[in-house]
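Before any comments, here is the structure.
All ligand and atom numbering here is 1-based and tracks the order in the structure. Quantities reported herein were computed from a predicted structural model and do not represent experimental measurements.
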Amino acid sequence: MTRSITILGATGSVGASTLDLVRRNREAWKVEALTAHSNVEELSRLAREFDARCAVIADEARLAALRDALEGTGIEVAAGRAALCEAASRPVDIVMAAIVGCAGLGPVMAAIEQGTTVALANKEALVSAGEVMTAAVERHGATLLPVDSEHNAIFQCLQGGRLDEVRTITLTASGGPLRLVEDLDAVTPQQAIAHPNWDMGAKISVDSATMFNKGLELIEAHHLFPVGLDRIRIVVHPQSVIHSMVEYRDGSTLAQLGPSDMRVPIASCLAYPARMDTPMASLDLAEIGELSFFRPDETRFPATKLARQAAEAGGAAPAVLNAANEVAVAAFLAGKIKFSRIALMVEAVLNAGNLSDAPRSLDDVLVIDEAARALAEAQMETA
Ligand code: NDP
């Protein structure tokens, strides 16, 4: 049976892994919409290869280039935020939400409002919107399938289990490329992006280096698996073989293991609740030899502590933390601030922002996001 899919953020790392799986079983899939931010060349190449019904570019200035690139193919083209939401709301079996950052929130909500099954990689959207998104999922009868390898692992460990029988959830963290680097002030964007285990987009790679990725994942887990923040733990596991664990009340701990390749959790979402083939070799534990575990060093990498505080505070705090981090990471990648200023900037914005008003709607989240970005930009000026 053919299934239909829309991929938001098709030109990125998760988008490419998703399309790789679709390519391997081409006759099983019909591609409805593919989207990108500005990469017209790759978007048009993918739209042709996968015979997509529609291609959407977020940057409206690139619409003419996209139209030229797809002329004569019959593929619909569109641009801008509203077009992204329109593409996300088309009826399909599954939407892969793989835009990076809070920019993906509008399209994710548009898909949820149609009651669609959404495979969610775009963690920043859930971190920012929190209960606004989970309430919408419930109201519209949508299904959220976690793509993030840790949350996908927890989701798998919870199959057949009950949340009220969970004692703890443990998120594993590789610790990133800088765990053992002494001078964090001297770290360059190239060093921060060079993740030891995973091949990912630039923003999440920097987030892994600062540990904000794990902080965002803590908040993501809190919304997806509401067992209480005090029951969600983080352990550094440099080999990235165990992707996360669930401990039940009887003392049994279930873990999901696998190669560090996003095609594994993506496949589990695409085939859910069944399974599908992937090109992964079997895990060879004897070859891996040893698995090690450490407590996170929250003095050198305060991101997880800040994220836990933001999650405990609730209200606008998680959206503020996310927005400040997005601005700080972009500034670091552009060479405007040092690596160690990322966490300091996020902390300063959290301390300066009005965090009390909990967002009640998508518009509220977007207003908070914009205000926090302005505060973060102002922080940068004063640095
Ligand atoms: P990439 O940077 O590789 O790709 C991002 C995608 O989003 C691209 O298609 C990009 O288009 C598009 N995009 C960027 N900005 C905008 C915008 N403002 N509006 C619309 N589209 C935009 O990111 P990743 O694939 O690494 O990550 C995607 C999401 O998945 C992130 O939230 C990340 O945290 C999460 N994730 C990623 C994992 C990974 O292994 N990469 C693992 C787990 C989660 P263009 O190419 O034109 O710029």
Side-chain angles (χ1 to χ4, degrees), residues 6-20 33-47 55-63 65-66 69 78-85 87-88 96-108 110 118-129 145-153 171 173-174 176 193 195 197-208 210 212-217 219-221 224 240 243-244 258-266 268-269 322-323 325-326 329-330 333 366 369 373:
T6 282
I7 304 177
L8 308 171
T11 50
S13 164
V14 172
S17 295
T18 307
L19 285 167
D20 180 77
L34 297 178
T35 82
H37 176 241
S38 57
N39 191 345
V40 165
E41 201 180 323
E42 182 64 359
L43 178 63
S44 54
R45 189 188 72 71
L46 293 170
V56 180
I57 194 91
D59 181 354
E60 296 186 40
R62 320 274 347 240
L63 177 60
L66 182 63
R81 280 192 193 186
L84 283 181
C85 293
M96 169 57 70
I99 290 174
V100 62
C102 193
L105 176 58
V108 169
V118 177
L120 186 75
N122 182 198
K123 65 191 86 184
E124 298 91 344
L126 179 56
V127 168
S128 300
L145 298 175
V147 172
D148 227 339
S149 58
E150 295 77 0
H151 305 75
N152 188 269
L171 295 166
S174 70
I193 287 175
H195 197 281
N197 305 338
W198 297 92
D199 183 11
M200 309 182 288
K203 195 263 178 180
I204 184 175
S205 297
V206 175
D207 284 345
S208 297
T210 57
F212 267 110
N213 185 45
K214 215 48 56 182
L216 297 176
E217 287 178 9
I219 302 174
E220 186 184 6
L224 290 172
S240 300
H243 296 301
S244 278
S260 310
D261 190 308
M262 282 306 291
R263 287 175 295 181
V264 177
I266 292 170
S268 116
C269 293
N322 177 68
N325 182 54
E326 285 193 32
V329 171
L333 286 170
L366 297 177
D369 177 73
R373 279 168 201 273

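At under 3.5 Å, a nitrogen or oxygen of S13, whether backbone or side chain, sits near a nitrogen or oxygen of ligand 1. Between G201 and ligand 1, a contact under 3.5 Å exists for at least one N or O pair. Here's the thing with S149: none of its N/O atoms is less than 3.5 angstrom from an N/O atom of ligand 1. Here's the thing with N39: one of its N/O atoms is less than 3.5 angstrom from an N/O atom of ligand 1. Inclusion of G12 in the set of residues having an N or O under 3.5 Å from an N or O of ligand 1 is warranted. Checked against a 3.5 angstrom limit, the closest N/O atoms of A103 and ligand 1 fall outside it. Residue D199 places no N or O, backbone or side chain, under 3.5 Å from any N or O of ligand 1.
One N or O on the side chain of N122 and one on the backbone of I99 form a donor-acceptor pair closer than 3.5 Å. Looking at D261, its side chain does come within 3.5 Å of a backbone N or O of R263 through a donor-acceptor pair. With S268 contributing its side chain and V264 its backbone, the two residues share no donor-acceptor pair below 3.5 Å. Under the 3.5 Å distance criterion, the side-chain polar atoms of T35 are left unmatched by any main-chain donor or acceptor of I57. A donor-acceptor pair is defined here as one N or O able to donate and one able to accept, closer than 3.5 Å; such a pair exists between the side chain of N152 and the backbone of P146. With hydrogens and angles disregarded, no donor-acceptor distance shorter than 3.5 Å links the side chain of S44 to the backbone of A69. Between the side chain of T210 and the backbone N or O of D207 there is at least one donor-acceptor pair closer than 3.5 Å. A donor-acceptor distance shorter than 3.5 angstrom exists from the side chain of E326 to the backbone of C102, with no hydrogens or angles considered.
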Would you sort out whether L126 and L224 count as a side chain to side chain contact (heavy atoms under 4.5 Å, CB included), showing the intermediate values?
CA-CA 9 Å; L126 179 56; L224 290 172; 3.8 Å; yes
Test side chain to side chain contact (heavy atoms under 4.5 Å, CB included) on S149 and W198; report intermediate values, then the result.
CA-CA 11 Å; S149 58; W198 297 92; 3.8 Å; yes
Take M262 and M200, measure what side chain to side chain contact (heavy atoms under 4.5 Å, CB included) needs, and give me the verdict at the end.
CA-CA 9 Å; M262 282 306 291; M200 309 182 288; 5.8 Å; no
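With ligand atoms numbered from 1 in the order given, ligand 1 contributes 30 (O), 32 (O), 35 (C), 36 (N), 44 (C) to contacts under 4.0 Å with heavy atoms of A121. Atoms of ligand 1 lying under 4.0 Å from any heavy atom of A10, numbered from 1 in the order shown and given with element: 9 (O). Annotation for ligand 1: atoms under 4.0 Å from non-hydrogen atoms of G9 are 6 (C), 7 (O), 9 (O).
Protein heavy atom closest to atom 33 (C) of ligand 1, with residue, atom name and distance, is I204 CD1, 3.9 Å. Shortest contact from atom 44 (C) of ligand 1 to any protein heavy atom: D148 OD1, 3.4 Å. For atom 25 (O) of ligand 1, the closest heavy atom belonging to the protein is V14 N, 2.9 Å. Given atom 20 (C) of ligand 1, the protein heavy atom at minimum distance is A58 CB, 3.6 Å. Protein heavy atom in closest approach to atom 46 (O) of ligand 1: T11 OG1, 2.6 Å. For atom 11 (O) of ligand 1, the nearest non-hydrogen atom of the protein is H37 N, 2.9 Å. Nearest non-hydrogen protein atom to atom 28 (C) of ligand 1 is A98 O, 3.3 Å. At the shortest separation from atom 5 (C) of ligand 1 among protein heavy atoms lies V100 CG1, 3.7 Å.
Contacts between S17 and ligand 1 below 4.0 angstrom, taking non-hydrogen atoms only, are absent altogether. Contacts between M262 and ligand 1, counted as non-hydrogen atom pairs separated by less than 4.0 Å, involve the side chain only.
In this structure, S38 counts as a contact residue of ligand 1, since one of its heavy atoms falls inside 4.0 Å of the ligand. Contact analysis puts E124 in contact with ligand 1, with a non-hydrogen atom separation below 4.0 angstrom.
With no hydrogens or angles considered, a side-chain donor-acceptor pair links N213 and K123 at under 3.5 Å. Donor-acceptor pairing under 3.5 Å is lacking for the side chains of N39 and E41.
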